[in-house]
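Below you'll find the structure, written out as structure tokens, and then a few comments.
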Amino acid sequence: MTNKAKKIAVLAVLAILFFTSTSPYFSQAEDGGAGQQASSDTAGQGSDQAVSTSAMQSAGTAGTATEQTAAEKSVAVTEETAADPISYKQTMAKKKVAENSNFKLYIDEKTGQIRLVGKRSGNEWGVPPLDKKMPPANQKFIESPVHIRYTEGGDVRQTYPSKEKGTKTTVKTTDQGVLVQYELKELQIGFALEYKLLDEGIEVRIPFQSIHEQGKAKLISLEPAPFFGAAPQQSKGAMFIPDGSGALVKFKANHQTYFEPYSERIYGGDYAFMTTVYKQVTYNKNELESYGPHEAAALPVFGIYKDDTAFLGIVTDGDADAKINGTPTGLRNIPLYRISAELIYRNSDIVFIGSSGEIPLMQREMIPGDRAVRFVLLEGEQADYVGMAHAYRDYLVRVKGVKPVETKRPAFQLQLLGGVLRKDMIGSTFVSMTTFKQAKEILDGYAQAGIDSLEVTYEGWSKDGIYGNAPDHFPAESNLGGNRGLEALADYAKAKGIRLYLKTNYVKPYEGSDALKPSRDSIRGLNKEVMEVRDPWVTTNQPSSKLFYYLKPDRVYDKNIAKEAGKLAELGAGGIHLQYMGDTLYSDQSSDTPFNRKQTIETWTKAMDLMRLQTGRASVDYGFAYALGHVDRIDGVPLDSSHYVYEDGSVPFYQIAVRGLVPYTGAPSNLQDDLRIWNLRLLEYGAMPSYLLTYEDSSLLKRTMVDGLFSSNYGKWLKPSIDQYKKLNEVLGLVEGQEITDHEQLDTYVYRTTYGNGVQITVNYDSETAHVGDDVIQPYDYLVRKG
């Protein structure tokens, strides 16, 4: 090749690189963006192209599908910005349609886009001003007041009203706002968005009766106000996502390349649909892959704060079938941080028939019910995650009617394990870990050590112990002392002023239960087959040999819960711990009229109320929002986030919202890696410690299904647990029943929590001494200032 030819070749390569390089405003808005692989969950984040059904295997918890290993390999990149001053196009919502003492509501009659203005401050909320250089398709996508996902029998597609030809938009004013009706002519789908101006902001409602389908297209989900309050990367602030206790995604121009947004179903995936709970669905059920350990979205909330304004979104209706979509800048080449709620009307799944491969199935009928999202608008000092949490707390108290659980002083939280059945080569053996008489001895040990405020939760007390004959819990296991022994323990505890909770399982029985007939009692999927659930191996996330089923909520309530409540009270139980009801939610697709997740919530809360009525108290694990107001304690409350690669830190949003309304504990302290760090987290988040103990040594649990209780011997943990309780009680006793009024990060590893009575607790997670003003906090230590 001649030198001239070489020069031409080099120039050609450079030209190709120039025209194919990514700029911040180059986007294939009409086909989903270059280089982005669409999935059913990420489709809600801006992909307009068809989503293949095979890609739907990642549905449900796409946030957990974010592979940190892949993201960690990517190098930090800089979001490009225009060299010249950017000229912005202002919002089109200019017609005022409603007004109250705090806000004015404006609308664009052509698109239905809204804008709110604070009457005292002049601050605005809505779609942010857009760069005029942005491609028109992206502008329309961002300005659309609703995103729509639908199917015509195969792929799942996304669109928005202004993209569809012949769309008719009708705007009608109402007493407190405006009703916008959309008729998508080509798809033959129609629905309405009803905006209601409130003293604290605005609520957008989708009346179920306004939805109609007259053609082949079937509605999957609606995502109202997808770019409401979206923030340019130059803003100062963060996006709040309800990941566990809560997490922040701080605004920044320089960050790693993100491959997936946050997209999590509120209250976790639905076990009636495999694709919502498994990372990978395969033909061979033994090769299903579960997600690794991660936190769930326990609260139906989301938000953004920027500069001196913020909004908190609350899914007020339809939270049982919704997901939160939070997208950092860069994805889809849109330079905005945005977060919204996607309201689901139909679920899909992948099933297998013979050797024909993957067969996509979709729910035939829509999940009924109105859907609504409330946007609470915040300004000034309230425009941060603390202000958002206070706003949600106000909603819980004022709107939901949640009343505080009365407490006098922090109680030592003790969990006891009775026993478990071990399968042997021939037959099985009951492994007794704590008999009812031994439990009395443990109570005496704590009483003699000066612990005069104690609550005990007893697990594995019924026939065959833990994993036994659930959902039947009677009689009590004879090897532990039988019914008489349990009654004697209950009487003894009551005489000592100790509240005894009995743990029950009406949700997830083991396959070996004599009270279980899967074909009759268990939920089914879209293919009408019984849904089998296997706990995953810790190392591979693939199914283990532990096979469980999920029970039909209505059936188990009538057959077991309603009948056993009185018997549990007769035993002398001072409360009932309803295992799984606070952290597991699913539907049942057995019949042509499915039992949906909202109905399951109604059943679970009815069970909580019944147990409170019969025994005095009820408790659950983790604490999904629907349990608030129906329980007296939450165990193992989320105290951290999942630490996805796009998250910049965990925050105690959950605790700020609920502390003082219901007591909560952390996970058992005897199962923590580093008690120094754990104690600081309990103090920072205002959680009481708990212990899961046994009278016998945990080595007896070898070859049983209880494989995670490594250290539980009461004799070894008596003094350490008392020392921890007394040390933390000195601090947490000062703030018993108090709400959290403020939370701050003072330094990289230093945090301060302020309570309603003025008490401040500052913790130092660092291995170095921390200096806060004139105060010095030693490594892994804390400082308390009384109000």
Side-chain angles (χ1 to χ4, degrees), residues 242-247 267-268 291-299 405 407 410-417 455-460 466 499 501-508 535 538 575-585 604 608 611 617-628 630-643 650 652-659 661-675 677-694 706-712 717 721 724-725 728 732:
D243 178 25
S245 64
Y267 312 139
Y291 291 103
H294 65 283
E295 301 291 340
L299 303 177
V405 175
T407 58
F412 186 100
Q413 298 296 332
L414 176 63
Q415 301 177 50
L416 296 176
L417 173 62
E455 287 187 351
V456 180
T457 302
Y458 210 118
E459 181 179 13
I466 188 174
R499 187 172 293 276
Y501 284 78
L502 296 180
K503 182 175 285 193
T504 57
N505 176 9
Y506 297 110
V507 178
K508 185 182 175 182
D535 281 358
V538 175
I576 301 300
H577 184 93
L578 293 160
Q579 190 176 20
Y580 301 118
M581 285 192 187
D583 60 358
T584 305
L585 190 64
W604 288 172
M608 297 171 198
M611 292 304 178
R617 296 292 178 98
S619 63
V620 294
D621 296 307
Y622 208 78
F624 286 167
Y626 57 76
L628 300 174
H630 300 276
V631 296
D632 302 277
R633 194 186 71 226
I634 299 172
D635 291 339
V637 73
L639 297 178
D640 206 349
S641 64
S642 302
H643 294 278
S650 306
F653 184 101
Y654 188 104
Q655 286 69 27
I656 298 171
V658 309
R659 199 175 199 282
L661 297 179
V662 57
Y664 51 83
T665 74
S669 293
N670 56 301
L671 302 180
Q672 303 305 314
D673 295 332
D674 190 336
L675 270 181
I677 300 296
W678 187 243
N679 286 342
L680 295 179
R681 179 50 63 95
L682 293 174
L683 289 173
E684 182 192 354
Y685 282 48
M688 283 302 299
S690 68
Y691 278 83
L692 174 55
L693 302 181
T694 56
V706 182
D707 53 7
L709 192 56
F710 303 111
S711 179
S712 63
W717 279 104
S721 64
Q724 184 201 30
Y725 169 74
L728 297 187
L732 295 177

Item to check | Full working for salt bridge (charged side-chain N to carboxylate O under 4.0 Å, His left out) between Arg681 and Asp674 | outcome: CA-CA 11 Å; Arg681 179 50 63 95; Asp674 190 336; over 6 Å; no
Supply the atom-to-atom distance [X] [atom1] to [Y] [atom2], rounded to the nearest 0.5 angstrom.
X      : Y      : atom1 : atom2 : answer
Ile634 : Leu628 : CD1   : CG    : 5.0 Å
Thr694 : Asn670 : OG1   : CG    : 9.0 Å
Tyr458 : Gln415 : OH    : CD    : 13.0 Å

Next on the checklist: Under the criterion side chain to side chain contact (heavy atoms under 4.5 Å, CB included), I'd like the reasoning laid out for Ser721 against Phe412: C-alpha separation, chi angles, the key distance, then a yes or no.
Outcome noted: CA-CA 9 Å; Ser721 64; Phe412 186 100; 3.9 Å; yes
Nearest heavy-atom pair of [X] and [Y]: which atoms, and what distance?
X      : Y      : result
Ala627 : Val620 : CB-CG2, 4.1 Å
Val631 : Val405 : O-CG2, 3.7 Å
Ser711 : Leu671 : O-CD2, 4.3 Å
Asp243 : His643 : OD2-N, 4.1 Å
Ala298 : Tyr622 : CB-CE2, 3.9 Å
Met608 : Met581 : CE-O, 3.9 Å

Next on the checklist: Here's a test for you: under side-chain contact (heavy atoms from CB on, under 4.5 Å), which of Ile576, Thr457, Val456 qualifies with Tyr501?
Outcome noted: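 The residue from Ile576, Thr457, Val456 that satisfies side-chain contact (heavy atoms from CB on, under 4.5 Å) with Tyr501 turns out to be Thr457.
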Checklist entry - Does the side chain of Ser619 come under 3.5 Å of the side chain of His577 through a donor N or O and an acceptor N or O? => result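 Yes, His577 and Ser619 have a side-chain donor paired with an acceptor closer than 3.5 Å.
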Next on the checklist: Between Val637 and Asp635, is the side chain to side chain contact (heavy atoms under 4.5 Å, CB included) condition met? List the steps.
Outcome noted: CA-CA 6 Å; Val637 73; Asp635 291 339; over 6 Å; no
Item to check | Arg659 charged N/C atom sitting above Tyr685 aromatic ring, 6.0 Å / 45° | outcome: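 The answer is no, since Arg659 fails at least one limit relative to Tyr685.
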Next on the checklist: One thing to verify: whether Asp632 and Arg499 come together as a salt bridge, which I'm taking to mean a side-chain N less than 4.0 angstrom from a carboxylate O.
Outcome noted: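 No, this pair does not count.
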Next on the checklist: Using the ring centroid of each side chain, check whether Trp604 and Tyr626 are separated by less than 6.0 Å.
Outcome noted: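 Trp604 vs Tyr626: aromatic centres not under 6.0 Å.
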Item to check | Residue pair Gln724, Tyr691: steps toward the side chain to side chain donor-acceptor pair (under 3.5 Å) verdict | outcome: CA-CA 11 Å; Gln724 184 201 30; Tyr691 278 83; 2.7 Å; yes
Checklist entry - Going by the angle between their ring planes, with limits at 30° and 60°, are Tyr267 and Phe624 parallel, tilted or perpendicular? => result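 Because their plane-to-plane angle lies in the 30° to 60° range, the rings of Tyr267 and Phe624 count as tilted.
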Next on the checklist: Could you check whether any side-chain heavy atom of Ser712 comes within less than 4.5 Å of a side-chain heavy atom of Leu417, counting everything from C-beta outward?
Outcome noted: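 Side-chain contact under 4.5 Å: no.
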Item to check | Verdict with supporting geometry, Ser245 and Glu295, side chain to side chain contact (heavy atoms under 4.5 Å, CB included) | outcome: CA-CA 8 Å; Ser245 64; Glu295 301 291 340; over 6 Å; no
